[in-house]
There are 4 protein chains.
Amino acid sequence: MLFEKIVSEGIAANSYLIGSGGKSAVIDPRRDGEIYLEHADQKDAVITHIFETHRNEDFTIGSLDLADQCGAGIYHGHAMPFTYGQPVKNGDRFTLGSLELHVIETPGHTQESISLVLTDTDVSREPFMVFCGDTLFAGDIARTDFYGKACNAEMAAMIYDSITNKILSLGDGVILCPAHGAGSICGGEIADHPFTTCGYEKRTNPQLALGREAFVRQRMIASPYMPPYFRQSEINNTQGTRLPHPVPRLKPIAIPELKKMIKDGCQIVDIRSPTSFAAGHIPGSLSIWREGISAFIGWFADYTYPIILVDDFNLNLDPVLRQFIRLGYDNIMGYLAGGFPAWCRAAQDLNAHKTLTVLALKEHLEHHMPFLLDVRDDKNWNAVGHIHGAHHIYIGELPRHLNEILKNESIVVYCDSGYKGSLAASILFKNQYRDVTNVLGGMTAWKQAGFKIEK
Amino acid sequence: MLFEKIVSEGIAANSYLIGSGGKSAVIDPRRDGEIYLEHADQKDAVITHIFETHRNEDFTIGSLDLADQCGAGIYHGHAMPFTYGQPVKNGDRFTLGSLELHVIETPGHTQESISLVLTDTDVSREPFMVFCGDTLFAGDIARTDFYGKACNAEMAAMIYDSITNKILSLGDGVILCPAHGAGSICGGEIADHPFTTCGYEKRTNPQLALGREAFVRQRMIASPYMPPYFRQSEINNTQGTRLPHPVPRLKPIAIPELKKMIKDGCQIVDIRSPTSFAAGHIPGSLSIWREGISAFIGWFADYTYPIILVDDFNLNLDPVLRQFIRLGYDNIMGYLAGGFPAWCRAAQDLNAHKTLTVLALKEHLEHHMPFLLDVRDDKNWNAVGHIHGAHHIYIGELPRHLNEILKNESIVVYCDSGYKGSLAASILFKNQYRDVTNVLGGMTAWKQAGFKIEK
Amino acid sequence: MLFEKIVSEGIAANSYLIGSGGKSAVIDPRRDGEIYLEHADQKDAVITHIFETHRNEDFTIGSLDLADQCGAGIYHGHAMPFTYGQPVKNGDRFTLGSLELHVIETPGHTQESISLVLTDTDVSREPFMVFCGDTLFAGDIARTDFYGKACNAEMAAMIYDSITNKILSLGDGVILCPAHGAGSICGGEIADHPFTTCGYEKRTNPQLALGREAFVRQRMIASPYMPPYFRQSEINNTQGTRLPHPVPRLKPIAIPELKKMIKDGCQIVDIRSPTSFAAGHIPGSLSIWREGISAFIGWFADYTYPIILVDDFNLNLDPVLRQFIRLGYDNIMGYLAGGFPAWCRAAQDLNAHKTLTVLALKEHLEHHMPFLLDVRDDKNWNAVGHIHGAHHIYIGELPRHLNEILKNESIVVYCDSGYKGSLAASILFKNQYRDVTNVLGGMTAWKQAGFKIEK
Amino acid sequence: MLFEKIVSEGIAANSYLIGSGGKSAVIDPRRDGEIYLEHADQKDAVITHIFETHRNEDFTIGSLDLADQCGAGIYHGHAMPFTYGQPVKNGDRFTLGSLELHVIETPGHTQESISLVLTDTDVSREPFMVFCGDTLFAGDIARTDFYGKACNAEMAAMIYDSITNKILSLGDGVILCPAHGAGSICGGEIADHPFTTCGYEKRTNPQLALGREAFVRQRMIASPYMPPYFRQSEINNTQGTRLPHPVPRLKPIAIPELKKMIKDGCQIVDIRSPTSFAAGHIPGSLSIWREGISAFIGWFADYTYPIILVDDFNLNLDPVLRQFIRLGYDNIMGYLAGGFPAWCRAAQDLNAHKTLTVLALKEHLEHHMPFLLDVRDDKNWNAVGHIHGAHHIYIGELPRHLNEILKNESIVVYCDSGYKGSLAASILFKNQYRDVTNVLGGMTAWKQAGFKIEK
C-alpha cells in the first residue's frame with residue numbers, strides 16, 4: 001500500500017497519503033502540497049479523495065489547491081457548515097483499491113471531527129489503522145476549549161467518549177495516526193513518538209489514566225494558549241482558500257525599497273539568532289529565529305502588511321517561507337538583499353540591546369533589582385520553576401500585558417533557552433522600552449549552572 | 001525520538017535509525033550507509049550502536065563501514081561465531097537517552113536471531129516497539145530452511161515459539177518493525193504494510209492462523225528459492241566486509257575498451273526494457289531491467305569479473321549502482337558510453353529476438369507447437385494457473401535445467417509481465433539457443449485478454 | 001560583473017544574464033525562466049531589462065512571463081510591429097551599474113535585428129562584448145531566407161554588411177555572444193565553440209571568407225529547412241504569449257483515460273529508443289527520442305490536441321517537458337502511467353516493425369529490392385554520400401512526399417544514426433504503410449563497417 | 001567542444017575542463033574534483049590529461065586525486081623539480097579529438113609557468129584560446145614577488161616579456177582563460193570579467209599601459225601580502241598530496257567532546273556574522289564569516305590541530321568545508337552540535353565585545369581617544385582614505401604587530417565592512433586584550449554617512 005506520513009515541522013502537523021490500486025487519498029493536506037502529487041506520481045497513483053478530519057485552527061488547509069491540481073473530492077464532517085467540499089457521516093465508506101476507509105464521528109475537539117478507520121480488505125476485515133485527527137494523540141488528548149469556557153466540560157466529556165467508545169474499542173493492535181506530533185499547540189504534552197497504538201495509549205496515556213470525571217474536571221480549569229491567528233485559520237478553513245502560486249517566490253529587497261516599505265507599514269521579521277539580533281537590528285523588527293516561525297508568528301503578525309525577512313547570510317530561506325504559507329501568511333514577500341550586514345554598510349539606523357549569561361545574571365541580581373521578566377509558558381513556569389523575583393507573562397500575551405511593565409524600568413527577560421527572550425526584547429523595543437537585556441541560554445542554562453530555582 | 005525507517009527497494013529490506021538525547025542506533029544497516037549519518041547529523045545525534053538482528057543472507061551488511069565512520073559498537077546474537085562485533089544475549093539492555101533497547105533471543109530464521117524491544121522510559125515501562133528482524137513479518141513468518149531439509153521442522157517450531165512466546169506476548173499494542181517488507185525473498189507472502197502490531201498479526205496473519213503443528217508441517221514441505229549469492233552474503237556477513245569507497249563511481253566505457261573487456265571475460269547487464277532488448281542487444285548480455293537487479297542479479301552474476309551496464313540513454317544510474325553494492329557486487333564497474341545506440345552506430349555485432357503480444361501468441365499456438373516455457377515462480381504458477389502446454393522452470397533455476405530444452409526447438413517464453421521473459425531469453429541466447437520469442441505483457445496480459453488459463 | 005550564459009539544449013539557443021551594481025538584463029529569455037531569477041537573486045540583483053535581439057522563429061520567447069515576475073522593461077528593434085515591449089534604435093544606451101549596453105541595428109536575419117555592444121565603464125570605453133543575436137555565429141552566418149526567395153539576395157547583402165560594418169569593426173578583441181550554438185536550425189554549420197571573437201571569425205569563418213558577392217550568390221541558391229512551427233513562433237513572439245504556470249506538471253495517465261484521449265484525438269509522442277519502439281509501440285504514436293524533441297517535434301505536432309509521452313520507465317521527464325514548453329507546446333499534458341510495459345500488460349493493441357543492422361542490410365540488398373528511403377538532411381546526403389539505390393526525402397518533409405512511396409512496397413529507411421529512421425517508420429505507420437524496416441546505426445554504422453558509399 | 005570553466009569561489013581560482021572526441025583535459029584542478037568527472041561523464045568523455053600551468057601557491061592542487069580516479073597523465077613546466085607528473089616544454093603538443101594544445105613557456109610569476117594555446121583543427125590552424133595560468137589576468141598582471149625582493153625586477157621583466165612576446169602576439173582575437181578572476185590574492189586588481197581577449201587587454205590593461213620599464217620599476221617597490229599558508233601550498237604542490245576521502249564528512253561535536261578538544265588544542269573557527277560574534281562567542285575562537293574562509297584562514301590556522309566550526313544554525317556547511325579542503329586544511333573536522341545557542345544553554349563560559357555604528361563612533365570620537373585600529377589592506381587604506389587618528393595594521397599581519405598596541409588600551413577596530421573588524425577583535429581577544437569594539441559596516445558605512453575621510 002502507498003503510505004506516506006508528511007510532517008510539517010514547526011506546527012508538528014501530520015498529513016497522510018494513503019492508497020492502493022492506482023487510487024489514493026490525502027488526509028489534512030498542507031498548502032504547499034506538491035509533495036503529495038510527487039509521491040502519488042511515483043507510484044502511478046491518482047489522488048481521488050481529500051479528507052479533512054476537522055476544521056483545523058493552527059494552519060490553513062490546502063484542500064482546494066490540491067483538488068484543483070488532481071481533481072479529487074473534498075470531504076469533512078457534516079456537523080459544521082463549510083462553503084466547499086462534501087459532508088460525510090458515521091458509517092460512510094470509501095474505497096481505494098484494496099483499502100477501505102470508514103468514517104466514524106469523533107466529536108470533542110470540534111463538533112464535526114471525524115476519524116477514518118482503515119481496513120485492508122486484501123488481508124482481513126479487521127481494522128488496521130485509524131486516522132484520528134485531533135482526538136487522541138501519543139500521550140495526550142486534543143484540546144477542547146474552542147467553544148469557550150461554558151462548553152469546555154461538555155466538549156471534554158464528548159472527546160473522552162469519542163476516544164473510549166469509538167477509537168480505543170477498535171482493538172489494542174490498531175495503529176493510531178493522529179494529526180499532530182510532539183510540539184503542537186493543539187496538545188500540550190504530546191509524546192515524541194512517530195506512531196502509537198490503541199493498546200499503548202490505553203496503558204500509558206496519562207490523560208486517559210485520569211478517568212472520565214477527573215479528565216473533564218481538569219479540562220474545566222485548563223485554558224491553553226490561543227494565538228490570534230487561529231481565528232483567521234478558522235475563517236480560511238471554513239470558507240476555503242487558495243494560494244495564488246504553488247509556493248510564491250521570495251524577492252530580494254534592496255535598502256531604498258525596504259525603507260519605503262517600512263514607511264508604508266511593512267512587517268520585518270528578523271530570523272537571526274538571539275546574539276546576532278542583540279548586537280544590532282532594524283528598528284521595529286520582530287525577532288523570531290528561523291525554526292520558531294510556525295510557533296510564534298501567529299501571535300504577532302497580521303495578514304495585510306507585507307512581511308520582509310532579515311537574515312545574516314540569506315541561507316536556505318525556502319523552509320522559512322513555507323512556514324508562513326502554511327499559516328496563511330500570503331503577505332510574505334521578500335528578504336533584505338545582502339542581509340543585515342548590508343544594512344550596517346549602508347549606515348542605516350539600528351537598535352541593539354544587552355545580553356547576559358546566566359553567570360553574569362546571577363552576579364547582576366546580587367547588586368541590582370531589574371524588572372525580571374519570565375516569558376515561558378505556564379507549563380514550563382510551573383514544572384521547571386523560576387528565578388527568584390521573576391514576573392511571569394507568556395510571550396504570546398506580552399503585547400496585552402505591557403501595562404504591567406514600566407517604560408523606564410531596567411528589564412531583564414529570560415525564557416527557556418534564549419530565543420523567546422530575544423522575541424520578547426524585540427516586542428519591548430517596538431513599544432518604546434529601551435533598557436532591555438536578554439539572558440542567553442535562559443532557564444536551561446540557569447538550571448545547568450546549578451543556580452537556585454524557585455517553584 | 002529519532003525514528004527513521006530506511007527502505008532498500010528491490011530487496012525490500014528495512015533498516016532503522018532510532019535515538020534520543022543525542023545518541024542513536026542503527027539496526028541492520030545497508031552498505032551505502034551515508035543516509036544514517038545524514039539523518040543522525042540533522043538531529044545532532046551520534047550513532048553509538050549498530051545492531052544486527054541476524055546474519056543476513058539477502059544482502060551484504062554495512063556495519064563495518066558505518067562503524068568506521070561513526071565509532072559505533074556492533075552487536076549481534078551470541079549463537080553464531082562472527083569475526084567482528086560483540087555478542088549479546090537475552091536480557092542485555094542498551095540505553096539511548098530515554099530509550100531502552102532490550103535484547104530477546106528469537107531463533108528460528110537463524111540460530112542467533114535476536115529481537116530488540118524498545119521502551120521509552122520517559123513515557124512508561126511498557127514495551128512500545130519491537131525490532132523483530134526476520135522473524136514475524138506483516139502477514140508472514142520468515143523462512144526457516146537455511147539449515148537444510150533435516151533441520152526445517154526444528155527451526156520452524158523454534159520460530160513459531162519465538163513469535164508466540166517472546167514477541168506476541170509483549171502485548172497487542174506493540175508496534176512491529178520487521179527487517180523486510182512486501183517483495184522480499186526472505187518471506188513469501190509479506191503484506192504491503194508500512195508497519196504492523198502484535199495485535200493485528202495475532203488476528204490476521206495466515207501463518208499464525210495455522211497453529212503450531214500445521215505450520216511446522218507446512219514448512220517441512222516448502223522449499224523456497226535460494227539464489228546462489230546467499231552463500232556469498234553469508235560469508236561476507238560472518239567475516240565482515242568493507243567497501244573501498246562510500247559508493248564507487250560508475251565509469252563510462254567506450255566501445256574499444258568494452259570489446260577488450262568482453263574478450264577478457266566481463267559480465268554485461270542490459271538494464272533496458274524487454275522491447276528494447278528484443279530488437280537488439282550485445283551478444284552475451286544478461287537482460288535485467290533496472291528495477292529487477294536486486295531480485296535477479298544474485299542468481300546469475302559472479303563476484304569476480306567486472307560488471308558493465310548497458311542502457312538506452314544512461315539515465316539515473318545511481319539507484320542501479322546501489323542495488324549491486326548492497327548485494328556485495330563490488331565488481332560493478334561502469335556503463336557503455338553513449339548507450340546501446342552507440343553500439344549500433346559502431347556497426348558492432350548484435351543479437352535480436354522475436355516478441356509476441358498475447359493476441360499473436362494465441363493465434364500462433366493455434367497453428368504451431370513451440371516449446372512454451374513458463375519462468376514464473378511456483379507460487380504464481382500454482383495460484384494464477386498457466387497457458388496450456390507450458391513447461392515450467394523458474395527463472396532462477398533455468399541455467400540448471402537447460403537440459404530439458406532442445407537446442408533446435410522454437411522456444412516461446414513467458415513470465416507474469418514480460419521482464420523475466422526477457423531475462424530468460426537472454427539466458428537462452430547465452431547458451432546458444434537461437435529461436436527464442438518473448439511474450440510482451442506475459443501472463444498478466446493473457447489473463448487481461450480473457451484467454452483460457454489452465455490450473 | 002554578473003555574466004551567465006544559459007543554454008537551452010536541443011534548440012541550441014543561448015540566452016544571457018548580465019549585470020552589475022544590483023541591476024541586470026536578460027537577453028532573449030526562454031519560457032522556463034526561473035533560472036534567470038535564481039542567478040540574479042544569488043547576486044542580489046534585480047532584472048531591470050529584457051532585450052530581444054530579434055523576433056525568434058525557433059522558440060517561443062519568455063519575455064512577458066519573466067517581466068511579470070520581475071517588473072523589467074522589454075526592448076526590441078523598432079523595425080517590426082510588436083504588440084508588447086518598447087522599440088529601440090541605433091545608438092540607444094542602457095546602463096546596468098558600470099556596464100553600458102549600446103544598441104546597433106544589424107538587420108539581415110530579420111529586418112528588426114539588433115545587437116547590443118557591452119562596455120564596462122569601470123575598465124574602459126572600449127567595447128568588451130557584443131550580443132549579436134542571429135547575425136554572426138561561430139563559424140557561420142545566420143539564415144536570411146525568412147522573407148521568401150525574392151528577398152533572399154537583399155537580406156543576405158544586408159546581413160553581410162551588418163556583420164562587416166557594424167560588428168567586426170568593433171575590433172578583433174571583442175567577444176561575440178551569439179544567440180545560437182552548434183546544432184541550431186538557425187545556422188547550418190555553427191562551430192561547437194562556447195564563445196568566439198571578432199578576430200577569430202574574421203580569420204576563420206568560411207562564410208565571411210567567401211566575400212560579399214559570393215556569399216550573396218550562395219544564399220540565393222540555398223533553401224534551408226523551415227519547420228512548420230516557425231509560423232506559430234512568429235505569431236507567439238510578435239503578439240506576446242504567457243505560460244499559464246511557470247512550468248506545468250506532467251500527469252500520469254492511466255490506460256483507460258489514454259484510450260479515451262486517443263479516441264478524442266490526442267498526440268502520442270514515444271520518447272524511447274529506436275530498438276524499444278521497433279519491438280512494440282502504441283499504434284499511431286510518433287517516435288522521437290528524448291533528446292530529439294526540440295529538433296523534430298515542430299515538424300509534426302500541432303498546438304491543439306493534447307500531447308502524451310510514452311517512455312519505458314518514465315525517467316527524468318522534466319527536461320523532456322521543457323523542450324515542449326520552449327517551443328510553445330503548452331498542450332503537453334502527461335505521460336502513460338507505468339510506461340510502455342503497462343500497455344503490454346493490459347493486452348492492448350500494438351504495432352511493431354523490423355530492424356536491420358548494416359551488415360544484415362548489406363546482405364538483404366544483395367537479394368532484395370526494397371524501397372530504400374534516406375531521410376537525412378540535404379547536407380548530410382551531399383557531404384557523406386548515400387547507399388546505392390536510396391531515395392532521398394528529408395524527414396521533416398516526409399509527410400508531404402508520401403505520394404512518392406507506394407503503400408504496398410517493402411520500405412527500408414535509414415538516417416545517420418537510427419533515430420530519425422525510427423521517426424520515419426512511425427510516420428509511415430501512421431499513414432498505413434505496413435512493411436517498414438529501420439536500419440540501426442544508420443549511415444554512421446554503414447560507413448563504420450566500410451561499406452560502399454555513393455555520392 | 002567540451003568547455004567548462006569551474007570557479008572556486010573565495011580563492012577566485014579558475015580551472016578548466018576542455019575536450020573533444022571523447023577525450024578531455026583538466027587545467028589546474030582543485031582538490032574536490034568530482035565536478036570534473038561529472039561534466040566529463042555527461043559528455044561520455046574520458047579525462048586523459050591534467051595540466052598545471054604552474055605550481056600554485058594559493059591552494060593545494062588536486063591533480064593526484066583526480067589522476068587516481070581517471071588515469072590521466074599530469075603535466076607541468078620543466079623548470080621546477082616536481083616529485084610527480086611529467087615535465088613539458090616549449091612546443092610540446094597534445095591532442096584531444098579535434099583540439100590541439102600547444103605548450104608555450106611563459107615564466108615570470110614562477111620560473112616554470114606555462115601557457116597552453118588551444119587550436120581547433122576542425123575549424124582552422126589559428127589559435128582560438130590560451131590558458132595562461134597566472135600570467136596575464138583581466139586588467140592585471142600576476143604577482144612576481146615569490147622569489148624575494150632581489151629577484152623581483154628580473155621576474156617582472158620576464159613576465160612582461162612572456163606576455164608581450166608569447167601571449168599577446170597570438171593575435172587580438174584570441175580568448176584569454178586565466179587561472180584567476182577578481183578577488184584573487186594572486187593579482188591585486190583583477191577585473192571582474194568572465195573572459196577577456198588579447199585585444200581587449202592590449203587596449204585596456206593598466207599594467208600593460210605602463211610600458212616595460214615603468215612596470216618593472218613599479219614591481220620593485222610593490223610588496224603584495226603573502227599569507228603564511230602559501231609555504232605549505234608550495235610544499236604540497238611540489239611533492240604532490242592526496243585527500244584521504246573525496247570530501248571528508250563534517251562531524252557534529254557535542255559540548256563535552258568539544259571541551260576536551262579545546263583543552264588538547266583545537267582551533268575554533270566561528271563562521272557567524274560580526275553581530276552574532278560580538279554578542280557572544282567561545283573564548284579563543286577566530287571570527288571568520290563563512291564566505292571569508294578562503295581569503296583569511298590561511299593567515300591564522302595551522303595544519304595540525306583539528307579545526308571545529310561554530311555557526312548559529314549549522315546551515316549549508318558544505319561550501320564552508322570545501323574552502324578548507326581546497327587550501328589543504330585536511331584537519332577540518334566538525335562543527336559544534338546545536339550551534340552557538342547550545343553553548344549558551346549549557347551555561348558555558350563565553351566572551352562578548354562591543355560594537356558601534358558609524359554614527360555612534362563619530363560621537364564617541366568626539367569625547368574619547370580610543371586606539372583606533374584600521375585593519376584594511378594597503379590599497380584600501382590608500383585609495384579610500386581613513387578615519388582621522390587611525391593606526392593601520394593589515395589584518396593578516398596583526399599577530400606580528402601586537403606590540404604596537406597596549407594591552408590596557410580601549411581599542412576600536414574597523415575595516416571596510418565589519419567582517420575583518422570582527423576577525424581583528426577575535427585575534428585581540430585571543431591575545432588577552434579585553435576592551436575591544438568593532439565598527440559595524442566599517443569604512444563603507446562611514447563613507448556612506450558622509451563623514452570626514454583623511455588621506
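Within every chain, numbering begins at 1; the chains are lettered A, B, ... in the order of the sequence lines, protein sequences first and strands thereafter.
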Between [X] and [Y], is any pair of side-chain heavy atoms under 4.5 Å apart?
X	Y	value
A:Thr275	D:Thr275	no
D:Leu373	D:Leu428	yes
D:Ile255	D:Lys259	yes
D:Leu336	D:Leu258	yes
D:Tyr335	D:Val320	no
A:Phe313	D:Asn316	no
D:Ile253	D:Met333	yes
D:His392	D:Asp378	yes

Heavy-atom distances under 4.5 Å only: say whether [X] touches chain D with side chain, backbone, both or neither.
X	answer
A:Thr355	side chain
A:Leu356	neither
A:Tyr419	side chain
A:Ser417	both

Tell me, side chain or backbone of [X] under 4.5 Å from chain A's heavy atoms, or both, or neither?
X	result
D:Phe340	side chain
D:Ile271	backbone
D:Leu359	neither

Considering all heavy atoms of both residues, which atom of [X] and which atom of [Y] are nearest to each other, and what is their separation?
X	Y	result
D:Asn314	D:Gly339	ND2-N, 3.4 Å
D:Ala301	D:Tyr329	O-OH, 3.0 Å
D:Leu321	D:Pro248	CD2-O, 3.1 Å
D:Ala279	A:Ala279	CB-CB, 4.2 Å
A:His353	A:Ala425	NE2-CB, 3.8 Å
D:Phe300	D:Ile395	CZ-O, 3.4 Å

Proximity of residues 282-298 of chain A to chain D, residues having a non-hydrogen atom under 4.5 angstrom: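 At a heavy-atom separation under 4.5 Å, chain D is reached by A:Trp289, A:Arg290.
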Contacts of residues 379-390 of chain A with chain D (heavy atom under 4.5 Å):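 Result: none.
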Polar side-chain atom of D:His368 near backbone of D:His364 as donor-acceptor pair, under 3.5 Å: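 The answer is yes, because a donor-acceptor pair under 3.5 Å joins these two groups.
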Residue pair A:Leu309, A:Ile332: steps toward the side chain to side chain contact (heavy atoms under 4.5 Å, CB included) verdict: CA-CA 8 Å; A:Leu309 304 176; A:Ile332 173 81; 3.9 Å; yes
Candidate pair A:Thr357 and D:Asp349, rule side chain to side chain contact (heavy atoms under 4.5 Å, CB included), full reasoning: CA-CA 8 Å; A:Thr357 62; D:Asp349 193 24; over 6 Å; no
Side chain to side chain contact (heavy atoms under 4.5 Å, CB included) evaluation trace for A:Leu327 with A:Gln323: CA-CA 7 Å; A:Leu327 265 52; A:Gln323 293 184 68; over 6 Å; no
Close contacts, residues 446-455 of chain D versus chain A, judged by heavy atoms under 4.5 Å: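 From residues 446-455 of chain D, the residues near chain A are D:Gln448, D:Ala449.
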Interface residues of residues 431-444 of chain D facing chain A - heavy atom cut-off under 4.5 Å: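 Interface residues of residues 431-444 of chain D: D:Leu440, D:Gly441, D:Thr444.
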Leading residue by heavy atom contact count with chain D [cutoff under 4.5 Å; candidates A:Ala342, A:Pro274, A:Pro341, A:Ala360]: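 Highest number of pairs under 4.5 Å: A:Pro341.
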Top contributor to chain D contacts, counting heavy-atom pairs under 4.5 Å, from A:Ala346, A:Gly418, A:Ala352: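 Among A:Ala346, A:Gly418, A:Ala352, the one with the most close pairs to chain D is A:Ala346.
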Sole candidate of D:Asp270, D:Asp311, D:Asp312 that passes side-chain hydrogen bond (donor to acceptor under 3.5 Å, both in side chains) when paired with D:Ser276: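 Exactly one pass, corresponding to D:Asp312.
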